[in-house]
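Residue numbering restarts at 1 for every chain, and letters A, B, ... go by the order of the sequence lines. Because the structure is a prediction, the values reported are computed rather than measured.
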There are 4 protein chains.
Amino acid sequence: MTTLSRKERDRQLRRSDILKAAEHLFALKGYHNATIRDIAKEAQYATGTVYLHFKDKDALYFGLFEEKLKSLLSIVEGKAGQSEDSIGKLRIFVQESLVFFEKNQDFFKIFIAEEARLLIETRFLKSPTGQQLHEYTTKLIKQAQEEHIISRDFDPKQVNTVFVAILKTIVLEWFKEEKVQGKSLVDLSDIIFRYLLNGISNK
Amino acid sequence: MTTLSRKERDRQLRRSDILKAAEHLFALKGYHNATIRDIAKEAQYATGTVYLHFKDKDALYFGLFEEKLKSLLSIVEGKAGQSEDSIGKLRIFVQESLVFFEKNQDFFKIFIAEEARLLIETRFLKSPTGQQLHEYTTKLIKQAQEEHIISRDFDPKQVNTVFVAILKTIVLEWFKEEKVQGKSLVDLSDIIFRYLLNGISNK
Amino acid sequence: MTTLSRKERDRQLRRSDILKAAEHLFALKGYHNATIRDIAKEAQYATGTVYLHFKDKDALYFGLFEEKLKSLLSIVEGKAGQSEDSIGKLRIFVQESLVFFEKNQDFFKIFIAEEARLLIETRFLKSPTGQQLHEYTTKLIKQAQEEHIISRDFDPKQVNTVFVAILKTIVLEWFKEEKVQGKSLVDLSDIIFRYLLNGISNK
Amino acid sequence: MTTLSRKERDRQLRRSDILKAAEHLFALKGYHNATIRDIAKEAQYATGTVYLHFKDKDALYFGLFEEKLKSLLSIVEGKAGQSEDSIGKLRIFVQESLVFFEKNQDFFKIFIAEEARLLIETRFLKSPTGQQLHEYTTKLIKQAQEEHIISRDFDPKQVNTVFVAILKTIVLEWFKEEKVQGKSLVDLSDIIFRYLLNGISNK
DNA sequence: GATGAATGAGGTTTCATTCAT
DNA sequence: TATGAATGAAACCTCATTCAT
C-alpha cells in the first residue's frame with residue numbers, strides 16, 4: 001500500500017512538473033509556438049515522457065487549464081463560508097481570484113487567451129471547471145438580486161459576464177503596468193466592485 | 001499620371017482582396033491554422049502574390065488589423081460632429097462600433113483575440129490605430145470628467161479600459177447567443193452605457 | 001498551349017523521378033523502412049516536394065503500384081492481337097510479363113509483397129489495374145475452357161490464381177538463383193505452361 | 001532437478017504465452033504495426049518481460065516462425081510412416097499442412113508474408129525449419145521421380161517450389177473466400193494434387 | 001526474475017517563404 | 001508583376017529498448 005501510494009505520488013509529481021513547464025511555456029510563447037520538446041526539456045524529461053501523462057498537446061493544454069481552475073474553484077469555495085451574504089461571497093471570489101492571479105501570472109496569460117481560443121479554434125472544449133465557476137458567480141448574482149442589492153432589471157448571466165470582464169480587465173491593467181509599482185493586486189478589489197455596482201457616473 | 005494612379009488603384013484592389021480573404025480565414029481558423037496558401041486561394045491569387053503586398057504572415061495580420069481599425073476610426077471621427085458633448089460623442093463611438101462589428105463579424109473574432117496575442121506572442125506590435133482609438137475615447141472620458149458627468153475619482157485611462165471591456169463583452173455575448181434571435185447589435189448601446197455609468201446596484 | 005504542355009510534361013517528369021526512387025527504395029527496404037526523406041533524397045528533391053505529387057506515403061506506394069501495373073496491362077493488351085486463340089493470348093501474357101519483370105526487378109519485389117500486405121494491412125486497397133489484369137486472364141481461361149483446351153472441371157477463377165502463382169514462383173526462383181546464370185526470364189515461358197497445362201505426372 | 005525442470009517449464013510457459021500473443025498481433029496488424037507493448041499486454045506480461053525471452057522484436061518474430069514450423073514439421077514427420085510411397089507421403093504432407101493451417105490461421109497470414117520479407121527486408125534470416133521442410137518435400141519429389149511417378153524432366157527443387165506455391169495459393173483462396181462456406185480446408189487436398197500432377201489440360 | 005516508466009531517435013507531414021519562369 | 005512549384009526546417013507523436021525498483 002505504501003509502495004502503491006508512493007508510486008502514485010511520484011506519478012503526480014511528474015505530471016505536476018510537466019504542467020508547470022507547460023504553464024510557463026504556453027504563457028511565454030502561446031499554444032502554437034510552445035513545443036512539446038521545449039516543455040519536456042524545461043521539465044527535465046524526455047519528449048516521450050510527456051505523452052505518458054497527456055495523450056497529446058491539446059490534452060496537456062486542457063489539463064493545465066482544468067487543473068488551475070480547479071485549484072481556484074476549491075479556494076473560492078473553501079473561503080465562501082466566511083461571508084453570509086451574496087455580495088460578501090462575491091467579494092471573497094474577487095479577492096481570492098486576485099490573490100490567485102497574482103500568484104499565477106503565467107496562468108493568467110493563458111486564461112486571457114482562452115476566450116479567443118474558444119471562439120476561433122473550436123476544437124478546444126469549454127472547461128467544465130470554468131463553467132462551474134461561472135455558475136457559482138451567476139448564482140451569487142441572482143441571490144443578490146433577490147436580496148434587492150442588485151437591480152432586477154439585469155439578466156444575471158449578462159451581469160456575470162460583465163463582472164468577470166471587469167475583473168479580468170483590471171487584472172490585465174495591473175499586469176501590464178502597475179505591477180512594477182509594487183502595488184498588490186488584492187488592493188484593486190474595491191475598485192472592481194465600484195465599477196460593477198455604481199458605475200462611474202458622478203453621483 | 002492617370003496610368004500611374006490606375007496602377008496604384010489596381011494595387012490597392014489586390015491588397016484589399018487579400019485582406020478580405022485573410023480576414024475570413026484568420027477568423028475561421030485562427031492565426032496559426034490559416035495558411036498563406038489558403039488565403040491566396042480564397043483571394044484568387046497565387047501564393048507568391050501575397051508576398052508582393054505583405055512582407056510576411058505577421059505583416060498581413062497586422063495590416064489587416066490596422067486597415068480595419070482605421071476604417072472604424074474614420075467612421076467614428078466622421079460622425080463625432082453630430083454631438084457637442086463628450087458623452088454624446090461616446091454614444092456615437094459605441095453606436096458606430098456596434099454597427100461596425102455587426103457588419104464585420106469576422107474581424108470581431110480577430111479583434112477579440114488581439115489582447116491575448118499582445119500579451120503572449122510579443123512579436124506582435126501594438127496597433128497604432130488601436131492606440132489612436134484608445135486616445136480618442138480616453139480624451140472624451142477626461143472631458144466628461146471635466147464636465148462633471150463622470151466622477152473625477154477614476155483614472156480616465158482605467159475607465160477607458162473598463163469601458164472598452166464592457167463593450168467587447170456585450171458584443172461577444174450577442175455574438176455567441178443573441179444574434180440568432182434577430183436582435184440588432186446597435187440596440188445594446190444603452191445597456192452598455194448603463195453598466196458603465198450607473199452600475200448594477202439597486203438605486 | 002506549348003507552355004501548358006511543357007509544364008505538364010515537367011510535372012510528369014518529377015512525378016516519374018519520385019516514383020523511380022520510391023520503386024528502388026520500397027524494393028530495397030520495404031514499405032515501412034523506406035522513408036519519404038530517403039526517397040526524396042534519392043530523387044534529388046526536397047522532402048516536401050514528394051507531397052506535391054502524392055498526398056501521403058500510402059498514396060505514393062499505391063500510385064507506384066498502379067502505374068507499373070497499368071504499364072504491364074497496356075503492353076499485354078497491345079500485343080494480344082498477335083494471337084487469335086485464348087492459349088496464344090495467355091502465352092503472350094506470360095511472355096510479356098516475364099519481359100516486364102526482368103526489366104522491372106525492383107517492382108517485382110514489391111509485387112511479391114503485395115499479397116501479404118493486402119491480407120494484413122487492410123488499409124491498402126486492391127489495385128484496380130491488378131483487378132483488370134486478373135479479369136483479363138480469367139476471361140482467357142474461360143475461353144480456353146469453351147474451346148475445350150482446358151478442362152471444364154476447374155473453376156476458372158481458381159485456375160487463374162494458380163496460374164499466376166506458378167508464374168510468380170518461377171520468376172521468383174529465377175530472381176533468387178538463376179539470373180546469375182545469365183539465362184533470360186522469357187525462356188521460362190514454356191515451363192510455366194507445362195506446369196499449368198500438363199502437370200508433372202509421368203505421362 | 002525437479003525444481004529446475006519446473007522452473008524451466010514455467011519459463012517455456014511464459015515464452016509460449018508471448019508467442020501466442022505475438023502470433024495474433026503480427027497476423028492482425030503486420031510486423032511493423034504490432035508493438036511489443038501490445039503483445040506484452042495481450043500476453044498479460046509487462047513490456048520488459050518480453051525481452052527476457054527474446055532479445056529483440058526480430059527475434060520474437062523469428063522465434064514464432066520457427067516454433068510454428070517446427071510444430072508442423074514434427075506432425076508431418078510423425079505421420080509419414082502411414083504411407084510407404086513418396087506420393088503417399090506427399091499427400092500426408094499436404095493433408096497435415098491443411099489441417100495445420102486451418103487450425104493456425106493467424107500463423108498462415110504471417111507465413112504468406114514471409115516470402116516477401118525474405119526478399120526485401122534482408123535482415124530476416126531464412127528459417128532453418130522452413131529449410132528442413134523444403135528439403136523433406138524435395139526429397140520426396142526426387143523419390144517420386146525415381147519411382148517413375150513424376151517425370152524426370154523437371155528439376156525437383158523447382159517442382160517443390162511450384163508445389164508449395166500451389167498449396168499456398170489454394171489455402172489463401174479458401175482463406176479469403178471459401179471458409180465462410182463451411183468447407184473444410186482438408187477437402188482441398190485432391191485438387192492441389194490434380195493441379196500439380198495433371199495440370200488443367202483437357203485430357 | 002518481473003515490472004513498466006522513461007528514453008530519445010526517428011518517422012510523417014505541414015507550411016512560410018523563395019525564386020525561376 | 002504574377003505565378004506556384006520547390007524548399008527544408010521543424011512540429012507532433014510513436015515505440016523499441018533499457019534499467020531502477
Side-chain angles (χ1 to χ4, degrees), chain A residues 3 6-7 10-11 14-15 18 31-41 43-60, chain B residues 7 10-11 14 31-41 43-60, chain C residues 3 6-7 10-11 13-15 18 31-41 43-60, chain D residues 7 10-11 14 31-41 44-60:
Chain A
T3 321
R6 196 193 36 171
K7 237 185 179 178
D10 279 8
R11 199 183 154 69
R14 302 202 191 310
R15 194 186 138 93
I18 292 166
Y31 179 80
H32 286 279
N33 292 113
T35 73
I36 296 284
R37 242 215 281 275
D38 289 350
I39 291 168
K41 189 175 286 175
Q44 313 219 49
Y45 293 106
T47 311
T49 307
V50 173
Y51 288 87
L52 296 177
H53 295 266
F54 302 93
K55 103 176 204 303
D56 57 19
K57 199 184 181 185
D58 278 14
L60 172 56
Chain B
K7 246 186 178 175
D10 280 6
R11 200 183 151 69
R14 303 201 192 309
Y31 179 80
H32 285 277
N33 293 114
T35 73
I36 297 284
R37 253 184 84 137
D38 287 350
I39 291 167
K41 188 175 285 173
Q44 314 218 46
Y45 293 104
T47 311
T49 307
V50 173
Y51 286 84
L52 298 175
H53 294 267
F54 302 93
K55 112 175 200 301
D56 58 19
K57 199 185 182 186
D58 278 14
L60 172 56
Chain C
T3 322
R6 196 193 35 170
K7 237 185 179 177
D10 279 8
R11 199 183 153 68
L13 231 57
R14 302 200 192 311
R15 196 186 137 93
I18 292 166
Y31 179 81
H32 285 280
N33 292 112
T35 73
I36 296 283
R37 242 210 285 274
D38 289 349
I39 291 168
K41 190 176 285 174
Q44 312 219 47
Y45 292 105
T47 311
T49 306
V50 173
Y51 287 87
L52 297 177
H53 295 266
F54 302 93
K55 102 175 206 305
D56 58 19
K57 199 184 181 185
D58 277 15
L60 172 55
Chain D
K7 246 188 178 172
D10 279 7
R11 202 183 149 68
R14 301 202 193 308
Y31 179 80
H32 285 277
N33 293 114
T35 71
I36 296 284
R37 252 183 84 134
D38 288 350
I39 291 168
K41 188 176 286 174
Q44 313 219 48
Y45 293 105
T47 311
T49 307
V50 173
Y51 285 85
L52 298 176
H53 294 266
F54 302 93
K55 113 176 198 300
D56 57 20
K57 201 185 180 186
D58 278 14
L60 172 56

**B:Ile39 side, atom CD1; B:Leu60 side, atom CG - distance, nearest 0.5 Å** = 5.0 Å
**Asked** Atom NE2 in B:His32, atom CG in A:Asn33: separation rounded to 0.5 Å?
**Response** 4.5 Å
**Request:** Just call it for B:Arg11: base, sugar-phosphate, or nothing, with non-hydrogen atoms closer than 4.0 Å on any strand.
**Result:** nothing
**Message:** In whole Å, I'd like the distance from the CD atom of D:Gln44 to the P atom of E:dG4.
**Reply:** 12 Å
**Message:** Under a 3.5 Å distance rule, please check whether C:Lys41 uses its side chain to pair with a backbone N or O of C:Thr47 as donor and acceptor.
**Reply:** no
**Complete:** Looking only at heavy atoms, the pair that brings B:His53 and B:Arg11 closest together is CE1-O, 3.5 Å
**Message:** Keeping C:Lys57 on the side-chain end and C:Thr35 on the backbone end, is there a donor-acceptor pair under 3.5 Å?
**Reply:** no
**Prompt:** When the distance from CG of A:Leu52 to P of F:dT14 is rounded to whole Å, what number comes out?
**Reply:** 11 Å
**Item:** With sequence neighbours excluded, residues passing side-chain contact (heavy atoms from CB on, under 4.5 Å) with C:Tyr45
**Value:** C:Arg14, C:Asp17, C:Ile18, C:Ala43, C:Thr49
**Request:** For DNA chain E, list all stems, counting runs of three or more consecutive pairs where every pair is Watson-Crick or G-U wobble with both distances under 3.5 Å.
**Result:** E:2-21 with F:2-21
**Asked** To the nearest Å, how far apart are A:His53 NE2 and E:dA5 P?
**Response** 9 Å
**Asked** What pairs with B:Asp58 under side-chain contact (heavy atoms from CB on, under 4.5 Å), at least two apart in sequence or on another chain?
**Response** B:Tyr31, B:Asp56, B:Arg123, B:Phe124
**Fill in**
Sorted by chain and number, sequence neighbours left out, side-chain contact (heavy atoms from CB on, under 4.5 Å) with A:Ala40 holds for A:Val50
**Prompt:** Within this structure, what is the CG-to-P distance between B:Asp38 and E:dC15, rounded to whole angstrom?
**Reply:** 8 Å
**Request:** Would you kindly give the NZ-to-C1' distance between C:Lys7 and F:dG4, to the nearest whole Å?
**Result:** 7 Å
**Message:** How would you summarise protein contacts on nucleotides 15-21 of chain F per nucleotide, using B for base, S for sugar-phosphate only and - for none, with heavy-atom distances below 4.0 Å?
**Reply:** SSBB--S
**Prompt:** When the distance from CD1 of D:Ile39 to P of E:dG4 is rounded to whole Å, what number comes out?
**Reply:** 17 Å
**Item:** Rounded distance (Å) that lies between atom C1' of E:dT3 and atom OH of D:Tyr45
**Value:** 13 Å
**Complete:** Taken to the nearest whole Å, CZ/A:Arg14 to C1'/E:dT7 is 13 Å
